Every structure is written in C-alpha cells, then in structure tokens.
Number of protein chains: 2
Amino acid sequence: MLTTGDIGRIIRFHRKKAGLTQLQLARLSGVGKTVVFDIEKGKETVRLDTLMKVLAALNIRIELNSPLMAAFREKDHEKS
Amino acid sequence: MLTTGDIGRIIRFHRKKAGLTQLQLARLSGVGKTVVFDIEKGKETVRLDTLMKVLAALNIRIELNSPLMAAFREKDHEKS
DNA sequence: TTGTGATTACTGCTAAGGCGGTAATATCAT
DNA sequence: ATGATATTACCGCCTTAGCAGTAATCACAA
C-alpha cells in the first residue's frame with residue numbers, strides 16, 4: 001500500500017532527476033516552499049490540490065485501482 | 001488526467017457497490033460525514049490523509065505513475 | 001578548510017478544512 | 001401519495017494547512 005512516505009520519496013526522486021531544488025519546484029508548482037519540504041518528508045495532512053500541483057509539475061499521474069475499477073469504467077462509458 | 005471529480009465518482013461508485021450510505025462510510029473510514037459528501041462532490045481541498053482513509057475503507061489503492069517510476073523502483077530496491 | 005547553495009527548522013499570521021448538529025431537499029419503496 | 005431513508009446544505013467551533021521570512025544546519029565542491 002502506498003504511504004505518504006512513499007509519495008515523498010517518489011517526488012524527491014523525480015525532482016532530483018529534473019534537476020530542481022525544492023524552491024524551484026515550489027515556484028514551478030505554484031505552492032509554498034514549506035509544503036514541498038513537508039510533502040517530501042511524508043506529511044500526511046497536506047491538501048490534495050497542493051499535492052496534485054506538485055505531481056503535475058513533475059508529470060506524475062495519480063491512478064486509483066481496485067477490483068471494481070473495470071466495472072466503473074464501463075458504467076462511465078455509457079455517459080457520452 | 002485524474003480530477004477530483006473523477007475521484008468523487010469513483011468513490012461513490014464503490015460505496016454504492018458496497019451497499020453503504022455516506023454516513024456508514026464515514027464511520028467506517030473514521031472521518032466526518034461532511035467530508036464524504038464533499039469528496040464525492042469533487043472537493044479539491046480535502047486533506048490527503050482524510051481521502052486515504054476513505055479509499056482504504058473501500059479497498060481502493062492509490063498509484064503514482066510516470067516514465068521515471070521504473071527507475072525509482074530499482075533505486076528503491078537497493079535499500080534492504 | 002572554507003564557501004556556496006540546498007535543506008531543515010521555527011515563527012506568526014491568515015484562511016479554511018474537518019467536525020457534529022440540524023434542517024431542508026431528494027430518492028425510492030410500498 | 002406517504003413514509004422512511006439518504007443526500008445535500010448550512011451553521012458555528014476548533015484546529016491547522018499554507019505561506020513568507022528568517023535562521024540554522026547540512027552537503028558538497030573548490
């Protein structure tokens with residue numbers, strides 16, 4: 001199961017690969033520098049929108065999965 | 001790309017399939033009833049830990065993906 | 001070592017998330 | 001239609017996330 005610690009490590013890894021400092025990533029994401037640090041540290045109480053901004057800046061996609069997701073996608077398909 | 005609206009619809013779908021009311025899901029997840037409603041409505045500013053509690057209660061897994069994730073998993077592997 | 005930049009830590013402030021309670025509205029049986 | 005249940009909406013209260021600024025610590029190169 002994915003923990004906030006995992007999320008932090010994933011983001012840090014991507015940031016380093018992109019050659020960005022925490023401050024640069026913060027500016028790029030449109031969030032405060034404190035939050036980037038907190039997220040990389042594994043903070044659990046970050047807001048979803050804040051996290052998503054950072055993920056988007058690093059081209060990381062969020063996905064949800066479960067045994068029911070196939071059924072959901074079918075149902076969602078009917079809706080066009 | 002996954003939006004908070006998508007997340008809300010996915011959660012609602014899973015909750016219905018599980019035969020739970022919003023209140024029951026809230027109690028089961030250990031969060032307030034208001035939040036379950038907000039999340040299903042697509043609220044962007046929920047806290048990550050709150051969302052994760054609800055997802056866990058419904059057996060929905062979060063995954064992060066990017067072209068760099070394979071490299072990350074390798075690097076992470078060295079760490080045992 | 002010494003310096004330069006990055007990271008970590010702390011502070012005060014403001015905005016707002018989470019909460020239960022309650023009420024109004026919607027949904028769906030019978 | 002009527003009733004029972006679920007959903008949506010609103011209310012204050014309390015807590016705290018996010019923010020910039022600053023300072024201290026760390027890491028690595030010259």
Side-chain angles (χ1 to χ4, degrees), chain A residues 1-60 62 64 66 68 71-72 75-76 78-79, chain B residues 1-60 62 64 66 68 71-72 75-76 78-79:
Chain A
M1 186 203 134
L2 195 71
T3 67
T4 51
D6 296 327
I7 294 174
R9 280 187 292 274
I10 290 170
I11 287 179
R12 167 164 297 215
F13 179 82
H14 282 72
R15 175 175 63 79
K16 295 278 193 185
K17 287 290 184 187
L20 298 169
T21 68
Q22 291 180 337
L23 183 59
Q24 288 173 326
L25 177 56
R27 300 260 189 259
L28 194 62
S29 307
V31 305
K33 64 182 182 0
T34 308
V35 179
V36 172
F37 167 66
D38 287 341
I39 291 176
E40 289 191 0
K41 219 180 57 176
K43 188 181 191 182
E44 298 184 342
T45 55
V46 289
R47 291 208 320 238
L48 181 59
D49 61 336
T50 303
L51 175 63
M52 288 176 80
K53 284 181 196 169
V54 176
L55 292 176
L58 293 172
N59 274 299
I60 304 174
I62 300 187
L64 299 186
S66 84
L68 285 174
F72 172 77
K75 175 133 203 167
D76 224 33
E78 302 168 7
K79 219 184 25 169
Chain B
M1 187 202 132
L2 196 70
T3 67
T4 52
D6 297 328
I7 295 173
R9 281 187 291 274
I10 290 169
I11 287 179
R12 167 164 296 213
F13 180 82
H14 282 72
R15 175 175 64 78
K16 294 278 192 186
K17 287 290 184 188
L20 297 170
T21 68
Q22 291 180 337
L23 183 58
Q24 289 173 325
L25 177 57
R27 301 256 189 263
L28 194 62
S29 308
V31 304
K33 64 182 183 0
T34 308
V35 179
V36 172
F37 167 67
D38 287 340
I39 291 177
E40 288 191 0
K41 219 181 58 178
K43 188 180 191 183
E44 298 184 343
T45 55
V46 288
R47 290 211 318 240
L48 181 60
D49 60 337
T50 303
L51 175 64
M52 288 177 79
K53 284 181 196 169
V54 176
L55 292 175
L58 293 171
N59 273 300
I60 304 174
I62 300 186
L64 299 186
S66 84
L68 286 175
F72 173 77
K75 174 133 203 169
D76 224 33
E78 303 169 6
K79 221 185 26 169

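Side chains are part of it too, since the values below use all heavy atoms of this structure and drop only hydrogens, waters and symmetry mates. Chain letters run A, B, ... following the sequence lines, proteins first, then strands; residues in each count from 1. Fair warning: this is a prediction, and the values are worked out from it, not measured in the lab.
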For nucleotides 6-11 of chain D, print each protein N/O atom paired with a nucleotide N/O atom at under 3.5 Å, atom names and distance only.
from	atom 1	to	atom 2	distance (Å)
D/dT7	OP1	B/R15	NH1	2.7
D/dT7	OP1	B/R15	NH2	3.1
D/dT7	OP2	B/Q22	N	2.9
D/dT8	OP1	B/R12	NH2	3.4
D/dT8	OP2	B/R12	NH2	2.8
D/dT8	OP2	B/Q22	NE2	3.0

Heavy-atom side-chain contact between [X] and [Y] under 4.5 Å:
{"X": "B/L48", "Y": "A/T50", "value": "no"}
{"X": "B/E44", "Y": "A/M52", "value": "no"}
{"X": "A/N59", "Y": "B/S66", "value": "no"}

How many Å lie between [atom1] on [X] and [atom2] on [N], as a whole number?
{"X": "B/D49", "N": "D/dT15", "atom1": "CG", "atom2": "C1'", "result": "13 Å"}
{"X": "B/L48", "N": "D/dG18", "atom1": "CG", "atom2": "P", "result": "10 Å"}
{"X": "A/D38", "N": "C/dT7", "atom1": "CG", "atom2": "C1'", "result": "12 Å"}
{"X": "A/E44", "N": "D/dG18", "atom1": "CD", "atom2": "P", "result": "13 Å"}

To the nearest 0.5 Å, how far apart are [atom1] in [X] and [atom2] in [Y]?
{"X": "A/T4", "Y": "B/I62", "atom1": "OG1", "atom2": "CD1", "result": "10.0 Å"}
{"X": "A/I39", "Y": "A/L55", "atom1": "CD1", "atom2": "CG", "result": "7.5 Å"}
{"X": "A/I60", "Y": "B/L68", "atom1": "CD1", "atom2": "CG", "result": "8.0 Å"}
{"X": "B/F13", "Y": "B/R9", "atom1": "CZ", "atom2": "CZ", "result": "13.0 Å"}

Partners meeting side chain to side chain donor-acceptor pair (under 3.5 Å) with B/T3 (sequence neighbours left out):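 B/T3 satisfies side chain to side chain donor-acceptor pair (under 3.5 Å) with B/D6 once adjacent residues are dropped.
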Kindly give the atom pairs (protein nitrogen or oxygen, nucleotide nitrogen or oxygen) under 3.5 Å for nucleotides 26-30 of chain D.
none

Short side-chain N/O contact to C/dA16 OP1/OP2 from B/T45, under 4.0 Å: no
